[in-house]
Structures are given as structure tokens and as C-alpha cells.
Amino acid sequence: MNILVFVESAEGKIKKNSLEAVAFAQAMGGSVTALALGNVEISELEGLGKYGAKKVLHAADEKLNQGVIQAYAAVIAKAFQDENSDVLVLSDSSLGTPVGARVAAKLGASLASNVVELPNTSAGFNVKRSIYTGKAFAHVELTKPKKVIGIKKNAAEVKEVGGNVSVTPYQASLSDADFSTKITSAEKATGDVLLPEANIVVSGGRGMKGPEHWSGIEELAKTLGAATGCSKPVSDMGWRPHHEHVGQTGVKVAPQLYIAIGISGAIQHLAGVNSSKCIVVINKDADAPFFKAADYGIVGDAFDILPKLNEAIKAAK
Amino acid sequence: MKILVCISHVPDTTSKINFIDNNTKFDTNGVQFIIGPYDDYALARAVELKESSGATITVINVGLVDTEPTIRKALAIGADDAIRVNAEPTDSFFVASQIAEQAKAGGYDLILMGRESIDYNSGAVHGIVGELLGVPSISPVMKLDIEGNTAKLAREIEGGKEYMEVSLPFVAGCQEPIAEWKIPNMRGIMSARTKPLKVVEPSTVDSGVKLQKFELPPAKGSVKMIPADNVQELVNLLKNEAKVL
Ligand SMILES: Cc1cc2nc3c(=O)[nH]c(=O)nc-3n(C[C@H](O)[C@H](O)[C@H](O)COP(=O)(O)OP(=O)(O)OC[C@H]3O[C@@H](n4cnc5c(N)ncnc54)[C@H](O)[C@@H]3O)c2cc1C
């Protein structure tokens, strides 16, 4: 089985979720080729060998420095054919998911996104995917010879299995038509831990009373090396930026630890956090529904508990 | 401008998810169905564009006859007419192929839908429709303005946003805060009853995706409560029991 992996990068570095995609492909067995587009540091590309890539293709054309969905899909589909690939693996993300869909349609491939574990190939090619926003799973068989699978965070464990490999330049034949979408600028929260990839998330709800009280959340997040999140009303009211909104209609997170402070735990919020390994809830209302979904809970005032918790964690480090 | 808005008919976000028939079928018993929340944003933006620059809006849904109340709701919110492709929406490629076929026939300037449905969460229909029509597809779109033949959009990326320009026609998968959800008013509800709803039969498509079975996640164990005056205990448990620190 030939597996092509689309690896994403940001500021020249391979994204963590793409390392998971390489590790996933490696664990599937078969021969793994990684494909990176645009500006990526050479050492980052060579290092993909450590996670199981046998071959690394790099389409370095500067037109690919920006993630234009249509153009990326064209390059990836062409590489899939050039490499005689059977399966494309990518990680579900704001770029990966829409690109994967177009690639599948181009190739006439079976498509499954949100895949949570390795395919079962004992009879056919079966994948388990998360549905109903984390409330259930579907087992589906992918019956076409070509397959595209998008994996959800934590679907594979990233571990070193080999050494560096050399990088092969990939000559992408780019057509102007694929670049009709012009990216004019981007705004990025730099230096912060990105919410969708974070191992720990500290999240605040309406119980935080106002944006001026977020320093407590930010300090705890800093101590933990965590990303900050929030409930929907908090971003709707403009207390926090929209990309921090967690839940059914926002970011779905899957961290090791999710700490919810002053969030009631409405079912739409829970839908975005139910893949977390461990959930801590701090709420002054003992009947807050979030406690039913939590591993650990404290009934109390957030403004009283936050600084104490921050100190205790600092001391424990 | 002609806008096509694709809507999914999905369980209300508070629904309890259960399966029947040996875990091969979704249990609709006691479940309320709604317009997919992301599709609802797309529809709301389409209605705003109609109000500001005089567009016509067609809504399309791939579904069996039980989705018609959901389609009527979209008409009540402000769509002008509707198409229902009479088939079970089994997977992204199937649904996208039906939409693409209708879109080709209708010649739309703009095709809007949610970034994903909240039942299967594939987030793929916009991309596949774009590919089948040979036009750009952009998702997740959080801002959309049209000036003449050009659209200015903002797309959400991890930890930020990207701004872009594209010529019509194109496909967009929408999410908040592109617009605020609209609630139908009485006049809308009355007029929706008589707006045209065309039912068409699906074309045959092999998506190469076959459902085997559904599964529910294991039930969550019970919560351990820690007294508010003992945060140290919480830290100990996170460190030694949960092993997440
Ligand atoms: C279709 C749809 C989609 C939605 N999608 C989302 C989504 O993606 N994400 C999302 O979050 N919501 C979503 N919602 C909204 C959701 O239903 C809830 O309204 C929302 O999650 C509530 O946010 P909250 O918990 O911050 O606020 P509230 O429900 O107001 O809860 C505030 C909590 O803070 C506690 N509190 C108050 N003061 C303190 C204090 N001093 N110390 C400690 N605790 C305190 C209170 O006891 C309460 O439990 C959606 C709703 C709909 C209809």
C-alpha cells in the first residue's frame, strides 16, 4: 500500500497535527510519502523521516506559500497519481478538511474525515469516524480503490521510528485557474498556543463576568502552557476573539486537560469538548450541568479559586 | 444575483443520540429537526445580501419528504423558492453530486452552505460541489461581502483569519459571525406556504462509502468533587491520578 500524506506547515515549521498524520500513515503499514507545499524549512522536512516517512516531496513554488484550497487540491491530486498512491492521509483542519474533499472528488476516491483510529483492513477497508459532533461514531467501509482519509486530533501517537530522510523537490504544474482565489492578508495570534492543537485548554464562560477578568484565565494558561478558550456567548459579546469559541458551532478541542471556569455546560458547549481526556469544572452553582460531564469539579467562586489554583500548579512544577 | 443555499435537516443540538435496528439507523424518536446551524448562518447572510442588493435565493435540500417542514422554514426566513432532491442524504459525495447537478442547471452566482452538517460533520460538501462545478470553494468563511462581480471574504484559520478576494461564481462553507441567525416572522411563515418547492429525483452516484454500523461512546464515569478550599488536592489528582500535568 502506497500512502501519501499531506503535511501542513506554518511559518516554515511542520504542524503538530501533520506529524500525527505521518505517524498514522506509518502505523497503517505500507510505504509512506510525505508531501509539503510552499515555504518549509529543510530540516523540518528531513525530520519527517523520524516519524515514518520513507520519502519527502517538497513543492516549493512560492505561489504555494499561501493555502489556496483549489491549488493545493490540484497539486496533491497530481502527486497522488505520480506516486501511484492508494491512500491519502491528511489531518482535519481549516485547510486539510476542505482540501481533502476536493482531492477526493478529483480522484474519484472514497472519502472519510474525522477518522479516530487506524483503519481495519481485515475485510475491506473500514474506518471509524466521529459523528454527531463527538456524540457518536460511524464505522464505514471505503470501497473505491483510491481513498482519502482525514484524521481527527489524537488519532495516532507521534513517536520516533527512524532517522532523517532526504527531500525530493516536486515540480508542481500550476494552472492560473487554480489561483483565482487571492489571499490578500492574514491575521494570526502569534506566540500563543493554538487552541485546536493544545494539550491543555483553560476556558472561561459568562461566569467570568467581563473581558477585564480574563487575566486570571490567561495567567493560569501561561503557567500550564495552555491555550485559552471560551463559550459562545463570550465570543458573541466580543469579550474574546471568535477563534477561541469552543463548542458545537466553534472549535472542537481534544486536549489532555480541559479546565472550564464559569461555563454552565450547555450541550452545545459539551459537543466541542467531549473528546478531552480529562475535564475539570469550576462553577459556583453545584447544579451546573457541566459537572455531569466532568472528571473533577469544584463548586466555588472562580475569582477566589483561579489565583489559588495558579499558585498551587506553579508550586507543583 | 442568484444565490443557492444548501441546507441540511439535522437533529436539534440538544438531541440525545440513539440508534436502532442493530445500530444501523438513527433513532428519530422524540428528536426535533432543524436547519443545520451552520447552514442557518449561510441562509441568514444570503437574506442580508438579498435585502441589500436584490438577489434571489433558492434553497436546496437532499432529503426525503419529512424534511419539507425544515425547507419551509428556510422559505419563511427569506428564500424565494426551493428544490428537494428526493433521496436519503447518505454521504458527502452523494449529496454534493445532487447539489452540483441542480446548481449546473440553475446557473447560480453564489452557492452558500454551512462549513459542515452537525450530523455527519464531514465538512466536505462545499469542496466537492466546487470541484464538480470547477469553481473555487472556500471554507470556513466568517465574513462575506459582494461588490459587483467580486467577493471579499475572511476565512478562519487556526488561531486567526485569512482575507481573500474571489470572482463569482464560487462555493462557500459558512460559519459565524458571517451573519446572525434569523427568526421567521408571521408574514414570512404565511408566504412560505405558497412559495414553490420543486421535488426532483436523484441521479445515481457511487460514492464508495458504505455504512457498517453506528456506535455510542462509553458512558462517562462519575465526577470527583473537591472542596473549594483545597485546590492542592485537585493539583495532586491531576498529577498523580489523571496524569495530565
Ligand atoms: C444551535 C446552537 C449552537 C450553539 N453552539 C454553542 C457553542 O458552540 N459553544 C457554546 O459554548 N455555546 C453554544 N451555544 C450556546 C449554549 O446553548 C449556551 O447558551 C452557552 O454555552 C452558555 O455559555 P456559558 O456557559 O458561558 O454561559 P451561562 O450558561 O450563562 O453560564 C455561566 C455559568 O457561570 C457560572 N458562574 C457565574 N458566576 C460565577 C463565578 N463567580 N464563579 C464560578 N462560576 C460562575 C454560573 O453558575 C453558570 O453556570 C449554542 C446554542 C445553540 C442554540
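Labels below follow one simple rule: chain letters A, B, ... track the order of the sequence lines, proteins then strands, and each chain is numbered from 1. Source: prediction; values computed, not measured.
Both the backbone and the side chain of Leu95(A) come within less than 4.5 Å of a heavy atom in chain B. Neither the backbone nor the side chain of Asp229(B) comes within less than 4.5 Å of any heavy atom of chain A. Looking at Lys252(A), only its side chain comes within 4.5 Å of chain B, counting heavy atoms on both sides. Heavy-atom distances place both the backbone and the side chain of Lys161(B) under 4.5 Å from chain A. Interface remark: Gln175(B) contributes side-chain atoms only to the contact with chain A (heavy atom separation under 4.5 Å). Residue contact with chain A, scored on non-hydrogen atoms closer than 4.5 Å, is absent for Ser97(B). Within the 4.5 angstrom heavy-atom criterion, no atom of Asn199(A) approaches chain B. For chain B, the nearby part of Val280(A) is the side chain; its heavy atoms alone come within less than 4.5 Å. Heavy atoms closer than 4.5 Å to chain A are found in both the backbone and the side chain of Lys213(B). Neither the backbone nor the side chain of Ile282(A) comes within contact range of chain B; no heavy atom of the residue lies under 4.5 Å from a heavy atom of that chain. Heavy atoms of Ile17(B) lying under 4.5 Å from chain A belong exclusively to its side chain. Of the two parts of Glu180(B), neither the backbone nor the side chain holds a non-hydrogen atom closer than 4.5 Å to a non-hydrogen atom of chain A. Using a 4.5 Å cut-off between heavy atoms, Pro37(B) contacts chain A through its side chain alone, with no backbone atom that close. For chain B, no part of Ala266(A) is nearby; none of its heavy atoms comes within less than 4.5 Å. Looking at Ile138(B), both its backbone and its side chain come within 4.5 Å of chain A, counting heavy atoms on both sides. In this structure, chain A has heavy atoms under 4.5 Å from both the backbone and the side chain of Val244(B).
Chosen from Asp206(B), Val135(B), Leu245(B), the residue pairing most often with chain A at heavy-atom distances under 4.5 Å is Val135(B). Per-residue heavy-atom pair counts under 4.5 Å with chain A were compared for Asp91(B), Leu238(B), Leu132(B), and the maximum is reached by Leu238(B). For the set Asp119(B), Ile128(B), Leu234(B), Val235(B), the count of heavy-atom pairs under 4.5 angstrom toward chain A peaks at Asp119(B). The candidate from Gly123(B), Ala124(B), Ser122(B) with the greatest count of non-hydrogen atom pairs under 4.5 Å with chain A is Ser122(B). Listed options Leu216(B), Val209(B), Asn230(B) were ranked by heavy-atom pairs under 4.5 angstrom with chain A; first place goes to Val209(B). Of the listed residues (Val125(B), Asn23(B), Val166(B), Val129(B)), the one with the most heavy-atom contacts under 4.5 Å to chain A is Val166(B).
Ring geometry for His269(A) versus Phe290(A): interplanar angle over 60°, hence perpendicular rather than tilted (30 to 60°). Note on ring orientation: taking the six-membered ring where Trp is involved, the planes of Phe26(B) and Phe33(B) are perpendicular (angle over 60°, cut-offs 30° and 60°).
Summarising the geometry of Ala101(A) relative to Leu111(A), their closest heavy-atom pair is CA-CD2, 4.0 Å, with the distance given to 0.1 Å. Here the closest non-hydrogen pair linking Gln102(B) and Val85(B) is CG-CG2, 4.1 Å. The nearest pair of heavy atoms linking Val202(A) to Leu224(A) is CG2-CD1, 4.0 Å.
Between the side chains of Ser130(A) and Asn121(B), no donor-acceptor pair is found at a separation under 3.5 Å.
A cation-pi contact, defined as under 6.0 Å to the ring centre and within 45° of the axis, links Lys144(A) to Phe93(B).
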